[in-house]
Amino acid sequence: MKKVLILGDSISMGYREHVREALQGRAEVVYSEGNGCFSKWTLWLVNNWIRVNGAPDIVHWNNGIWDMMDEPPLQGNFSSPEEYLHNLSRIIQVLRTAGVRHIIFATTTYPHPKKEGLDAGTVTRYNAFARTLMEQEGIAVNDLGALIRENIAGYVCGDYLHLTHEGYLACAAKVTEAIEAYL
């Protein structure tokens, strides 16, 4: 069986067990126990994970919400677009150097319009930057952002950022489908 590593922030933490169940018997789905938070933290996590566990065959990965947040007293996004892209590039480099054969990048999910510190325009901009990088690198893009944006009311929970059970199930189905293309 192929080994699949799921990387990412709390959104991935909400769907990864559903993906593991869906692929049971067809792939070994693994992940770092912690939250990947922002892209530089994910870089550190994946580097350590691979050093200890070796390279998986497939990586499904997202980063963005933490990088995009604008929370006082910090002024501006936690990571500038340039920092974000630099970190994503370094994650790609770590994965490729380790010998990962298939990388799938998931776009950032959209918050509810009432979410303070993160708006749809910022998500759209950062997703566009990430999509361009992934296209240049020949990396598949799984558009979880568009999936959630289609049903914000049904898929985003009361904290205006994380997902409802239905939202996580919808993401899990889309993630499973993206991974199945490489099994």
Side-chain angles (χ1 to χ4, degrees), residues 1-17 19-20 23 27-70 74 76-110 118 122-148 171-172 174-183:
M1 281 193 300
K2 290 186 178 176
K3 184 180 284 188
V4 178
L5 174 62
I6 296 180
L7 288 175
D9 56 31
S10 56
I11 300 301
S12 73
M13 293 172 71
Y15 62 68
R16 65 190 184 190
E17 273 302 315
V19 173
R20 178 183 272 172
L23 294 175
E28 179 187 1
V29 177
V30 296
Y31 43 81
S32 172
E33 290 300 322
N35 187 336
C37 303
F38 47 90
S39 55
K40 194 148 196 175
W41 184 252
T42 297
L43 172 62
W44 184 83
L45 281 176
V46 72
N47 191 64
N48 285 332
W49 194 94
I50 288 173
R51 190 170 10 151
V52 171
N53 301 291
D57 300 292
I58 303 166
V59 171
H60 187 283
W61 147 60
N62 80 291
N63 271 122
I65 287 176
W66 288 61
D67 293 277
M68 298 174 198
M69 289 297 290
D70 180 359
L74 179 69
N77 306 104
F78 183 77
S79 300
S80 69
E82 295 79 17
E83 291 170 313
Y84 179 60
L85 289 173
H86 176 74
N87 293 333
L88 297 183
S89 294
R90 290 188 69 201
I91 293 167
I92 293 166
Q93 180 184 24
V94 166
L95 296 174
R96 287 195 168 143
T97 299
V100 174
R101 295 187 59 210
H102 304 289
I103 304 168
I104 306 163
F105 182 81
T107 58
T108 297
T109 56
Y110 283 83
L118 184 62
T122 301
V123 174
T124 298
R125 269 187 327 115
Y126 276 65
N127 278 346
F129 297 143
R131 184 183 297 279
T132 298
L133 173 64
M134 299 308 152
E135 288 172 1
Q136 290 169 350
E137 294 289 340
I139 293 173
V141 175
N142 189 3
D143 200 354
L144 296 183
L147 173 72
I148 299 305
C171 282
K174 193 160 175 58
V175 170
T176 300
E177 180 183 348
I179 292 168
E180 285 175 327
Y182 298 102
L183 294 181

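Just so you know, these numbers come straight off a predicted model, no measurement behind them.
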Under the side chain to side chain contact (heavy atoms under 4.5 Å, CB included) test, residues paired with F78 that sit two or more places apart: F38, L74
Test side-chain hydrogen bond (donor to acceptor under 3.5 Å, both in side chains) applied to D9 and N62, T108, T42, N63, the passing residue: N62
Non-hydrogen atoms of N35 and L45 that approach each other most closely: O-CD1, 3.7 Å
Results of side chain to side chain contact (heavy atoms under 4.5 Å, CB included) for S80 - residues two or more places apart only: E82, E83
From SG (C37) to CE (M69), nearest 0.5 Å: 12.5 Å
Set of residues satisfying side-chain hydrogen bond (donor to acceptor under 3.5 Å, both in side chains) with respect to N127, sequence neighbours excluded: none
Partner residues of Y126 under the ring pair (Phe, Tyr, Trp, His ring centres under 6.0 Å) criterion, sequence neighbours left out: Y84
Value rounded to 0.5 Å, distance of CG in N142 from SG in C171: 8.5 Å
Pairs touching residues 54-67 that satisfy salt bridge (Lys or Arg N to Asp or Glu O under 4.0 Å), sequence neighbours left out: none
Any donor-acceptor pair under 3.5 Å from T122 side chain to L118 backbone: no
Min side-chain heavy-atom separation V29-R16 under 4.5 Å: no
Closest contact, heavy atoms only, R90 versus K40: NH1-CE, 4.5 Å
Side chain to side chain contact (heavy atoms under 4.5 Å, CB included) involving I103 - partner list, sequence neighbours excluded: W61, L95, R96, V100, I139
With E17 via salt bridge (Lys or Arg N to Asp or Glu O under 4.0 Å) - residues at least two apart: R20
Partners passing side chain to side chain contact (heavy atoms under 4.5 Å, CB included) against T176 (at least two apart in sequence or in another chain): V19, A22, L23, E180
Ring pair (Phe, Tyr, Trp, His ring centres under 6.0 Å) partners of F129, counting only residues at least two apart: none
Set of side-chain hydrogen bond (donor to acceptor under 3.5 Å, both in side chains) partners for R101, sequence neighbours left out: none
Set of side-chain hydrogen bond (donor to acceptor under 3.5 Å, both in side chains) partners for S32, sequence neighbours left out: none
Pairing residues for D143 by the side-chain hydrogen bond (donor to acceptor under 3.5 Å, both in side chains) criterion, not counting sequence neighbours: T107, R131
Nearest-0.5 Å distance that lies between atom CG in L5 and atom CD1 in I179: 9.5 Å
